[in-house]
Amino acid sequence: PWFLCLLATLALVAAACGGGDDGGGGGGAGEGAQGRDAEVDESLCPVDALEAATEPVEIEFWHAMTASNEETLNAMIRDYNQSQDAVRVRGIFTGSYDETLERYLTGLQSDELPQLVQLEETTLQTVIDSGATVPAAACVAASDYDTSDLLPAVLGQWEVDGTLWPMPFNVSNPVFYYDRNDFRAAGLDPDAPPATLDEMLEMGQTIVDAGAAETAMSLEVQPWYPEQWMSMAGQTLVDNTNGREARAEASTLDNEAMVEIFQWVRDMVDNDLIFNVGRNPSGADHFFALANGDAAFTIGTSGALGSVYDALDGGTVETDVDIGVGPLPGPVAGGPTSAGGAALSIVANGSTPEQIAATWDFVQWLVDPVQQARWHVNTGYIPISFTASEDAAVQELWAERPGFQVAYEQLADDNLPPGGGGPVIGGYVEFRNVLEDAIEALVLNDADPVELAAQVQADADAAIAAYNDRVPG
């Protein structure tokens, strides 16, 4: 059946979609980089060393891409290697984001590290604390690299205290997926999806009352969504401006915005408008419920959009679903979302000056507008530069499939979350576990939103403190 094809396809990319994986954890201090609050030292990135190399410089690149995303990345690596004679990149698949992080942290102790590693946005504090990477800002300064073409929200996500640490690469954002046919059947405009949480509830009720779908929303227990909703409400999740001016020491979750988010979940549940798929380890069950007619809409990563369309367009697919894609509804319409996905960290420990210079050369090639346009068209990840969005192939794709443009537009202006991006937290796994438990308490145990917000703050504070005790700043 077509929906099983969709389930299998999405399961392959689940570990490579931004926001959906847990990151974080501790790590030993390395030798290569400066501390979080230090001035950027451009000598950390000896960009001229590549010119002095007498033979091709070999570098390893650890990544977490799977399925068609991995095929595209491997093709890009081959093209880079063939485009010049100075650098040879060897791409190595190292498992999911979590598995890649674990291998990186283990490598800090064993001195078995790559020159470049792809890690999820939730690992930013861990990357800084590892002390083993060259801040991308050092390479930017050393090479006079112009970052003005990169989307402000994308840069902001990986900047801390004004320093760009990893270089953004594969970026995603949560979007609203819906069956346009269900909207039509309920007398709703399929070109006007809900812009707020309240509108989601109202339209969901209309759809169910009209008998257009069994229930309104397929909900995965995913902490990325309340995080985004807090950002859209203009709220931080941790102190020190989302951990971007100084290390996060406490959460900022016990407030009116979080209570309203929790109350909305309760209202959706109380009105029988939720189809709960739980923690969704496959990364595809919420899409499966939409495709199977169990729900009229869901929220999911834009990084899955290519796989969704591939499944719907496959020769074995037979369905009445007419997929629509809209911006993420929030507490307020059009509030700022933060970028998800992963970025590229240049590893200093164990790398020669020639390898650091070679790695920076490769990173610049990957984020070049031509390559970012290619990456977007072949994977669905968001093009991270304004110039890439103007590429003819990108414009052709957007004209044919407007859904691919939605996530880009969410990040393409100066409407940024507090601090410029999502929270920077050590022990992000534990922090997100607290939010996951809270969502389950709302859906399964009729938790009181006010009491739950207070409990969430206490538990999140404990998680942050435990990490900071292990890995002091």
Side-chain angles (χ1 to χ4, degrees), residues 2-3 5-7 9-10 13 17 172-220 222 225 228 232 268 273-275 277 283-314 317-330 333-334 337 376-377 380-382 394-412:
W2 84 268
F3 51 83
C5 297
L6 172 62
L7 185 65
T9 303
L10 287 171
V13 301
C17 291
S172 60
N173 211 224
V175 293
F176 182 76
Y177 291 85
Y178 63 105
D179 186 351
R180 294 167 58 87
N181 288 332
D182 290 342
F183 275 61
R184 293 188 188 97
L188 298 171
D189 184 352
D191 294 322
T196 66
L197 297 181
D198 287 344
E199 288 179 2
M200 283 178 68
L201 191 154
E202 293 167 4
M203 292 187 186
Q205 191 69 65
T206 298
I207 289 169
V208 171
D209 289 347
E214 288 293 323
T215 193
M217 181 180 184
S218 170
L219 174 72
E220 62 170 340
Q222 169 58 265
Y225 307 144
Q228 293 285 354
M232 295 179 79
M268 291 287 286
L273 299 178
I274 290 292
F275 185 94
V277 301
D285 288 355
H286 56 318
F287 292 108
F288 169 78
L290 171 62
N292 200 32
D294 292 320
F297 52 77
T298 191
I299 292 170
T301 173
S302 63
L305 190 55
S307 295
V308 169
Y309 278 128
D310 286 345
L312 293 174
D313 291 343
V317 172
E318 295 181 6
T319 177
D320 292 330
V321 174
D322 180 9
I323 286 292
V325 181
L328 178 67
T337 60
H376 171 63
V377 168
Y381 280 109
I382 300 168
V394 172
Q395 291 294 315
E396 181 179 350
L397 174 65
W398 289 358
E400 180 182 354
R401 290 274 167 79
F404 278 98
Q405 188 174 356
V406 171
Y408 172 84
E409 294 294 341
Q410 287 188 156
L411 297 178

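Note: hydrogens, waters and symmetry copies are ignored here, and every other heavy atom, side chains too, is used. Not measured: the values here are computed from a predicted model.
Among all heavy-atom pairs drawn from G326 and Y178, the shortest one is N-CE2, 4.1 Å. When every heavy atom of T298 is checked against every heavy atom of L290, the shortest pair comes out as CG2-CD2, 4.2 Å. Contact record, D182 with A213: OD2-CB, 3.8 Å, taken as the closest heavy-atom pair. A pairwise comparison of heavy atoms in G300 and Y225 identifies CA-OH, 3.5 Å as the closest pair. Scanning both residues, A185 and A212, for their nearest heavy atoms gives CB-CB, 3.8 Å.
The side-chain heavy atoms of F176 and P327, taken from C-beta on, include no pair separated by under 4.5 Å. The shortest distance between side-chain heavy atoms of V277 and L219 does not fall below 4.5 Å. R401 is listed as a side-chain neighbour of Y309, based on a closest heavy-atom distance under 4.5 Å.
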Task: Worked verdict on V325 versus Q405 for side-chain contact (heavy atoms from CB on, under 4.5 Å) - done: CA-CA 9 Å; V325 181; Q405 188 174 356; over 6 Å; no
Open item on the list: Between I323 and D179, does the side-chain contact (heavy atoms from CB on, under 4.5 Å) criterion hold? Intermediate values first, please.
Closed with: CA-CA 5 Å; I323 286 292; D179 186 351; 5.9 Å; no
Please list every donor-acceptor pair under 3.5 Å in which a side-chain atom of residues 200-207 meets a protein atom from a residue at least two apart or in another chain.
from : atom 1 : to   : atom 2 : distance (Å)
Q205 : NE2    : D209 : OD1    : 3.1
T206 : OG1    : E202 : O      : 3.1

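In this structure, a donor-acceptor pair under 3.5 Å is present between the side chains of N173 and T337.
The one candidate from I299, V175, V406 that meets the side chain to side chain contact (heavy atoms under 4.5 Å, CB included) condition with L328 is I299.
The 12-atom threshold is exceeded at CD of E409, counting heavy atoms of other residues, nucleotides or ligands nearer than 6.0 Å.
Between the side chain of S218 and the backbone N or O of H286 there is at least one donor-acceptor pair closer than 3.5 Å. Here the side chain of E199 pairs no donor or acceptor atom with the backbone of A333 at under 3.5 angstrom.
Residues forming a salt bridge (charged side-chain N to carboxylate O under 4.0 Å, His left out) with D191 (at least two apart in sequence, or on another chain): R180. Y408 is linked by a ring pair (Phe, Tyr, Trp, His ring centres under 6.0 Å) to W398, counting only residues two or more places apart in sequence or in another chain.
If you look at Y177 and F297, their ring centroids are not closer than 6.0 Å.
Distance check: I274 CD1 to M217 CE gives 5.5 Å after rounding to the nearest 0.5 Å. Atom OG1 in T301 sits 9.0 Å away from atom CD in Q222 (nearest 0.5 Å). Separating the CG atom in D322 from the CZ atom in R184 is a distance of 5.0 Å, to the nearest 0.5 Å. Rounding to the nearest 0.5 Å gives a distance of 9.0 Å between CG of L411 and OG of S172. Taking CZ from F287 and CD from E220, the interatomic distance works out to 7.5 Å, rounded to the nearest 0.5 Å. Distance check, rounded to the nearest 0.5 Å: CZ of F404 to CG of L397 gives 5.0 Å.
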